[in-house]
K.L.:
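Below is the structure I would like to discuss, written out as structure tokens.
Both counts, for ligands and for their atoms, begin at 1 and track the order of listing.
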Amino acid sequence: MIRVTGLSKKFDQLTVLRDITCEINDGEVISIIGPSGTGKSTFLRCLNLLEKPTGGHIFIDGEDIMVKGANIPKLRQKMGMVFQSFNLYAHLTVLENLTLGPMKLLGKTKGESEARGADLLRLVGLSDKAQNFPDELSGGQKQRVAIARCLAMDPEILLFDEPTSALDPTMVSEVLAVIRRLAKEGMTMVIVTHEMEFSKNVSNRVFYMDEGVIFEEGTPGQIFDHPQKEKTKAFINRIRGFEYTVETETYDFYAMNGAVKTFCEKYLPPKMVRNILLLTEELTMLQTPPYTLAVEYFEKKDGVTITLKSDTALVDPFKEGNETDEISAAIIRNYVEKATSARQNGRYVLVMELRAK
Ligand code: ADP
Ligand code: MG
């Protein structure tokens, strides 16, 4: 369906895409992962010629779209693009956002467009919002409308550029669920995403982009569980961490809780945030300062580790006979998969691996 050979893109002196070669077949769901600034967005934008490539070829259904005289508007119509920021028309209702393109560009009647629009709103779960304006919707709802609006143009392929990055963590899953449903229905899609679990579950192939090329590609199993190249490994195994030191008994609990929450909401899957907050609250009530609390997220395992470190002593809620409030200890045990306490370089260390669910 799409074949890219030797695609390159320079912005003045800056070479962003060096030599991209790949094929995207009908019905495939491809996710593109990689550090930021490696040209993922530029690649998507080159695919539908929002950005003019510097070299190489892009064939769509066998047609070279980079030759002079190619029917660019028609080719672009084959590809719908969903952006990080939803780009809805603010002065139009949700339904009008969906009918404008088909009426103006596909020559469909108002009736046809509205009927199709209503179907698509049902598909993305927003039938009751047809007459609302974008401002009246949440971010997740806006993004679902943006997806429906793309679908209204009957594209052959959908390109997503980090469709959930601008969303509150609580709204990520509703958008991913819609994309997952489209995948099930056989829609061809290319998705740039930082949601590793989602990428693993939804795609049949994963491109890891780095150094201006598709650095490594494979099935989700190959890329996430057995990456071959060092850079891919480093990216996949990336750890995100946060540390907070509690100095004295009169420490500012709310400030700590707020800092943990901010970190978690930025980096962790929403399902984990609440558990971590409850757990850190219980854990810190048991301890006597000074000590350090660390929260670390291991992307690969989709797992979180909470570590307490102290120079003096730690109360281990997993140890029988400790003077631990039983309810508090029970709550903690409920969230923790595995706990190990040890002495490291004279410090007391308690490491807790959290249950994923
Ligand atoms: P990613 O999506 O992987 O984070 P981008 O494709 O957005 O990466 O950007 C890759 C590089 O190209 C970055 O260094 C960025 O600053 C640069 N870049 C992107 N768009 C432009 C542009 N229009 N003009 C100049 N430089 C750009
Ligand atoms: Mg980008």
Side-chain angles (χ1 to χ4, degrees), residues 2 4-22 24 28-58 65-66 72 76 79-88 139-140 142-143 146-147 150 155 157-169 171-172 175-176 179 189-200 202-203 205-218 220 223-224 227 229-240 266-267 299-300:
I2 298 184
V4 177
T5 56
L7 183 74
S8 63
K9 175 66 184 175
K10 278 187 196 172
F11 293 107
D12 296 323
Q13 299 306 309
L14 180 72
T15 302
V16 176
L17 304 178
R18 218 171 288 280
D19 177 16
I20 303 256
T21 295
C22 66
I24 299 160
E28 278 202 295
V29 178
I30 292 182
S31 47
I32 300 181
I33 59 169
S36 69
T38 49
K40 302 181 298 296
S41 297
T42 304
F43 175 50
L44 283 196
R45 295 169 65 81
C46 281
L47 273 185
N48 67 358
L49 299 180
L50 282 175
E51 210 69 78
K52 196 173 169 354
T54 324
H57 293 279
I58 302 171
I65 66 173
M66 282 169 62
I72 309 273
R76 210 174 265 155
M79 288 182 275
M81 181 130 166
V82 177
F83 301 89
Q84 219 179 86
S85 52
F86 330 109
N87 301 352
L88 298 174
K142 280 183 203 162
Q143 191 60 303
I147 294 172
C150 272
I157 179 166
L158 279 185
L159 311 175
F160 293 86
D161 192 0
E162 300 194 24
T164 59
S165 301
L167 299 178
D168 278 354
M171 294 166 189
V172 170
V175 171
L176 296 185
I179 302 176
M189 298 190 280
V190 180
I191 310 164
V192 174
T193 182
H194 287 295
E195 302 285 340
M196 298 296 156
E197 269 310 293
F198 167 72
S199 161
K200 199 170 178 172
V202 81
S203 35
R205 274 197 297 156
V206 180
F207 294 172
Y208 171 70
M209 267 184 76
D210 210 330
E211 297 183 6
V213 296
I214 297 173
F215 199 76
E216 190 166 346
E217 90 167 78
I223 297 296
F224 290 109
K229 299 191 178 176
E230 286 312 315
K231 272 201 162 177
T232 320
K233 277 183 206 170
F235 182 78
I236 299 291
N237 292 317
R238 183 173 51 163
I239 301 169
R240 289 158 171 170
K266 188 155 174 212
Y267 294 115
E299 199 142 32
K300 162 90 186 294

K.L.:
I'd like the name of whichever of Thr42, Asp161, Val16, Thr38 reaches closest to atom 6 (O) of ligand 1 through any heavy atom.
P.N.:
Thr42
K.L.:
Looking at ligand 1, does any of its N/O atoms fall within less than 3.5 Å of an N/O of Lys40?
P.N.:
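N/O-N/O distance under 3.5 Å: yes.
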K.L.:
Is Arg18 salt-bridged to Glu211, going by a charged N under 4.0 Å from an acidic O?
P.N.:
no
K.L.:
Tell me which protein heavy atom sits closest to atom 4 (O) of ligand 1, plus the residue, atom name and distance to 0.1 Å.
P.N.:
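Answer, as residue, atom name and distance: Gly37 N, 2.6 Å.
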K.L.:
For the residue pair Arg45 and Met81, what are the closest heavy atoms and their distance?
P.N.:
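The pair with the smallest heavy-atom distance is CG-CE, 4.0 Å.
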K.L.:
Using a 3.5 Å cut-off on N or O atoms only, is Gly39 in polar contact with ligand 1?
P.N.:
yes
K.L.:
Under 4.0 Å from a heavy atom of Ser36: give me the atoms of ligand 1 that qualify, with their elements.
P.N.:
4 (O)
K.L.:
Which option out of Ile32, Leu14, Leu17 puts a heavy atom nearest to atom 17 (C) of ligand 1?
P.N.:
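Result: the heavy atom closest to atom 17 (C) of ligand 1 is in Leu14.
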K.L.:
Compare every heavy atom of Leu17 with every heavy atom of Cys46, then report the nearest pair and how far apart it is.
P.N.:
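Distance-wise, the nearest heavy atoms are SG-CD1, 4.2 Å.
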K.L.:
Please report which non-hydrogen protein atom sits nearest to atom 24 (N) of ligand 1, along with the residue it belongs to and the distance in Å to one decimal place.
P.N.:
Phe11 CD2, 3.4 Å
K.L.:
Of all the heavy-atom pairs spanning Leu159 and Leu44, show the shortest one and how long it is.
P.N.:
CD1-O, 3.9 Å
K.L.:
With under 30° as parallel and over 60° as perpendicular, where do the rings of Tyr208 and Phe215 fit, or are they tilted in between?
P.N.:
perpendicular
K.L.:
Which residue supplies the protein heavy atom nearest to atom 7 (O) of ligand 1, what is that atom called, and how far is it?
P.N.:
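Ranking protein heavy atoms by distance from atom 7 (O) of ligand 1, first comes Ser41 CB, 3.7 Å.
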K.L.:
Is the distance from the Mg ion (ligand 2) to the nearest N/O/S atom of Ser41 under 2.8 Å?
P.N.:
yes
K.L.:
Using the six-membered ring of Phe235, assess whether NZ or CZ of Lys231 lies under 6.0 Å from its centre and within 45 degrees of the ring axis.
P.N.:
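Verdict for Phe235: no cation-pi partner in Lys231.
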K.L.:
Quick check on Lys10: does its NZ atom have over 12 non-hydrogen neighbours (other residues, nucleotides or ligands) under 6.0 Å away?
P.N.:
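Counting neighbours around NZ of Lys10, 12 or fewer heavy atoms of other residues, nucleotides or ligands fall under 6.0 Å, so no.
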